[in-house]
Amino acid sequence: MGDSSNGSSFSDDKSAKIFVAGHRGLVGSAIVRKLRHLGFTNLVLRTHAELDLTRQSDVDAFFAAEKPRFVILAAAKVGGIHANSTYPADFIVVNLQIQTNVIDSAHRHGVHKLLFLGSSCIYPKFAPQPIPEDALLTGPLEPTNEWYAVAKIAGIKMCEAYRIQFGFDAISGMPTNLYGPYDNFHPENSHVLPALMRRFHEAKVKNAKEVVVWGTGSPLREFLHVDDLADAVAFLMEGYSGLGHVNVGSGKEVTIRELAEMVKEVVGFQGELVWDSSKPDGTPRKLMDSSKLAGLGWTPKIPLRDGLVDTYKWYLENVKQ
Ligand SMILES: NC(=O)C1=CN([C@@H]2O[C@H](COP(=O)(O)OP(=O)(O)OC[C@H]3O[C@@H](n4cnc5c(N)ncnc54)[C@H](OP(=O)(O)O)[C@@H]3O)[C@@H](O)[C@H]2O)C=CC1
Ligand SMILES: C[C@H]1O[C@H](OP(=O)(O)OP(=O)(O)OC[C@H]2O[C@@H](n3cnc4c(=O)[nH]c(N)nc43)[C@H](O)[C@@H]2O)[C@@H](O)[C@@H](O)C1=O
């Protein structure tokens with residue numbers, strides 16, 4: 001615990017310039033909401049079209065011109081189990097490019113503190129449960145997302161290396177599976193929760209008798225509402241400046257079958273679930289041990305069912321055709 005070397009903390013100056021990369025995504029948009037709620041007034045935001053973070057010289061020119069004081073890196077190539085398995089080259093190269101460009105330029109242009117976001121898929125497929133931070137690099141990865149995981153591990157290690165060699169205050173948070181407003185509801189490429197919300201909603205509207213759910217239903221997943229994650233990000237920016245990455249989870253896990261039943265109930269679909277076991281289950285279980293973050297004083301607040309209700313309301317108001 002404790003803030004970075006030169007004394008001033010994240011919240012001391014609410015007019016300090018903060019670059020939130022990926023501000024239109026699930027995570028970036030929640031972080032922007034959180035920072036505005038906290039009173040920060042000087043957020044620097046660029047859409048993908050305005051600044052492609054895979055282009056090193058553009059990223060460098062942006063940092064040279066804007067000179068942000070803080071950076072929260074929530075831009076990445078992100079997707080569910082199908083997207084990760086289908087586009088492995090995109091997942092490794094785009095993520096390596098974005099994080100390398102942003103972390104390196106941030107350091108060279110005098111950024112005071114940067115937070116990098118990884119993912120619980122960095123851990124070995126058969127890591128001890130709940131998964132402590134020091135399980136990293138102790139065994140083989142889950143094959144459906146190893147390219148993405150390798151990029152994210154490189155991001156963690158880059159933050160550590162820049163801290164060790166240059167004293168750059170780069171920290172890493174590892175969120176569990178997230179959901180909430182501004183999620184990606186694509187039928188194939190999204191994560192399970194938004195995919196099922198959309199599928200159940202469309203089935204309800206069409207009065208369909210059944211909905212297909214991928215895999216066996218037995219894998220366990222830990223879900224965290226993205227507003228809780230944004231709260232944890234602000235907490236870490238304020239008070240954590242260590243070398244090691246920090247798990248950010250809810251501590252609660254459900255089977256995919258239980259999740260599907262909950263989403264079905266929240267959406268109000270009356271039909272049956274059909275399991276397509278030709279689709280991959282992915283990792284059997286990935287409950288993170290978030291006791292390090294709890295020990296620093298942060299705990300999540302939003303129960304899964306409340307978060308589902310909130311997300312479905314947002315979906316009805318913003319996404320459905
Ligand atoms: N969603 C989840 O369940 C989890 C997410 N995370 C991490 O959180 C972070 C954010 O994820 P999430 O919000 O879900 O992802 P989203 O896909 O919702 O958002 C990603 C954002 O990054 C932007 N982006 C992608 N490529 C580029 C690029 N080349 N240049 C500029 N901007 C780009 C996207 O813009 P555009 O859409 O215009 O391309 C989008 O705004 C990631 O690091 C991810 O690994 C970690 C654990 C779980
Ligand atoms: C956040 C995390 O997200 C990814 O890992 P994942 O946890 O396996 O993500 P997922 O949400 O896609 O699947 C969870 C489970 O759910 C099942 N499932 C059922 N029906 C649908 C369905 O319709 N869509 C999807 N996507 N999954 C489904 C699916 O078969 C699997 O058993 C990583 O690639 C990696 O990117 C990462 O870090």
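Note that the structure is a prediction, hence the values are computed from the model and not measured. Every number for a ligand or one of its atoms is a count from 1 in the order of the listing.
- Protein heavy atoms all stay at least 4.0 Å away from atom 37 (O) of ligand 1.
- For atom 26 (N) of ligand 2, the nearest non-hydrogen atom of the protein is Ser190 O, 2.9 Å.
- The protein atom (non-hydrogen) at minimum distance from atom 38 (O) of ligand 2 is Ser119 OG, 2.5 Å.
- Ring to ring, His245 and Phe116 are not that close: their centroids are 6.0 angstrom or more apart.
- When the heavy atoms of Val27, Thr47, Ile122 are ranked by distance to atom 13 (O) of ligand 1, first place goes to Val27.
- Atom 34 (O) of ligand 2 has as its closest protein heavy atom Asn84 ND2, 2.9 Å.
- Ligand 2 has a nitrogen or oxygen under 3.5 angstrom from a nitrogen or oxygen of Ile81.
- Of the options Gly173, Gly118, Ser119, Ala49, the smallest heavy-atom separation from atom 7 (C) of ligand 1 is shown by Gly118.
- Nearest protein heavy-atom neighbour of atom 7 (O) of ligand 2: Arg221 NE, 2.7 Å.
- Compare His23, Glu50, His186, His48 by their heavy atoms: the one nearest to atom 33 (C) of ligand 1 is in His48.
- Classification of Lys313 and Glu317 as a salt-bridged pair holds, one side-chain N sitting under 4.0 Å from a carboxylate O.
- Checking Pro280, Gly80, Gly282 against atom 30 (O) of ligand 2, the nearest heavy atom belongs to Pro280.
- For atom 13 (O) of ligand 2, the nearest protein heavy atom (residue, atom name, distance) is Val192 CB, 4.0 Å.
- Between the side chain of Arg305 and the main chain of Met262, no donor-acceptor pair closer than 3.5 Å is present.
- Note: Trp147 and Tyr87 fail the aromatic proximity criterion, with ring centroids not under 6.0 Å apart.
- With respect to atom 4 (C) of ligand 2, the closest heavy atom belonging to the protein is His191 CD2, 4.0 Å.
- For Arg46, no heavy-atom contact with ligand 1 is shorter than 4.0 Å.
- Each of Leu51 and Phe70 belongs to its own hydrophobic cluster when Ile, Leu, Val, Met, Phe, Trp and Tyr are linked at side-chain heavy-atom distances under 4.5 angstrom.
- For atom 20 (C) of ligand 1, the protein comes within 4.0 Å by at least one heavy atom.
- Using a distance-only test at 3.5 Å, with no hydrogens or angles considered, no donor-acceptor pair links the side chain of Glu253 to the main chain of Lys286.
- Contacts between His191 and ligand 1 below 4.0 angstrom, taking non-hydrogen atoms only, involve the side chain exclusively.
- For atom 22 (C) of ligand 2, the nearest non-hydrogen atom from the set Trp275, Trp214, Tyr148 comes from Trp214.
- Here the protein heavy atom with the shortest distance to atom 33 (C) of ligand 2 is Asn145 ND2, 3.2 Å.
- For ligand 1, the polar-atom distance check finds an N/O of Gly25 within less than 3.5 Å of one of the ligand's N/O atoms.
- An N or O contact shorter than 3.5 Å links Asp281 to ligand 2 by distance.
- Looking at Arg199 next to ligand 2, an N or O pair under 3.5 Å apart turns up.
- Residue contacts with ligand 1 for Tyr148 involve side-chain atoms from C-beta outward but no N, CA, C or O (heavy atoms, distance under 4.0 Å).
- An N or O contact shorter than 3.5 Å is missing between Ser120 and ligand 2 by distance.
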Exercise. Can you list the steps and then say if Glu202 with Arg198 is a salt bridge (Lys or Arg N to Asp or Glu O under 4.0 Å)?
Worked result: CA-CA 6 Å; Glu202 291 178 352; Arg198 175 178 174 162; 2.9 Å; yes
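- The heavy atom nearest to atom 25 (C) of ligand 1, considering only Ser29, Ala75, Gly22, Ala76, is found in Ala76.
- Remark: among candidates Asp90, Asp183, Leu73, Leu178, the nearest residue to atom 5 (C) of ligand 1 is Leu178, based on non-hydrogen atoms.
- Checking Val78, Leu45, Val192, Leu117 against atom 17 (O) of ligand 1, the nearest heavy atom belongs to Val78.
- In terms of protein heavy-atom proximity, atom 15 (C) of ligand 2 is closest to Ile256 CD1, 3.6 Å.
- Compare Cys121, Ala83, Pro175, Gly79 by their heavy atoms: the one nearest to atom 36 (O) of ligand 2 is in Gly79.
- Scanning the protein for heavy atoms near atom 9 (C) of ligand 1, the closest one is Ala74 O, 3.9 Å.
- Using a non-hydrogen distance threshold of 4.0 Å, Lys286 registers as a contact of ligand 2.
- The pair Lys157-Glu160 counts as a salt bridge, with a side-chain nitrogen and a carboxylate oxygen less than 4.0 angstrom apart.
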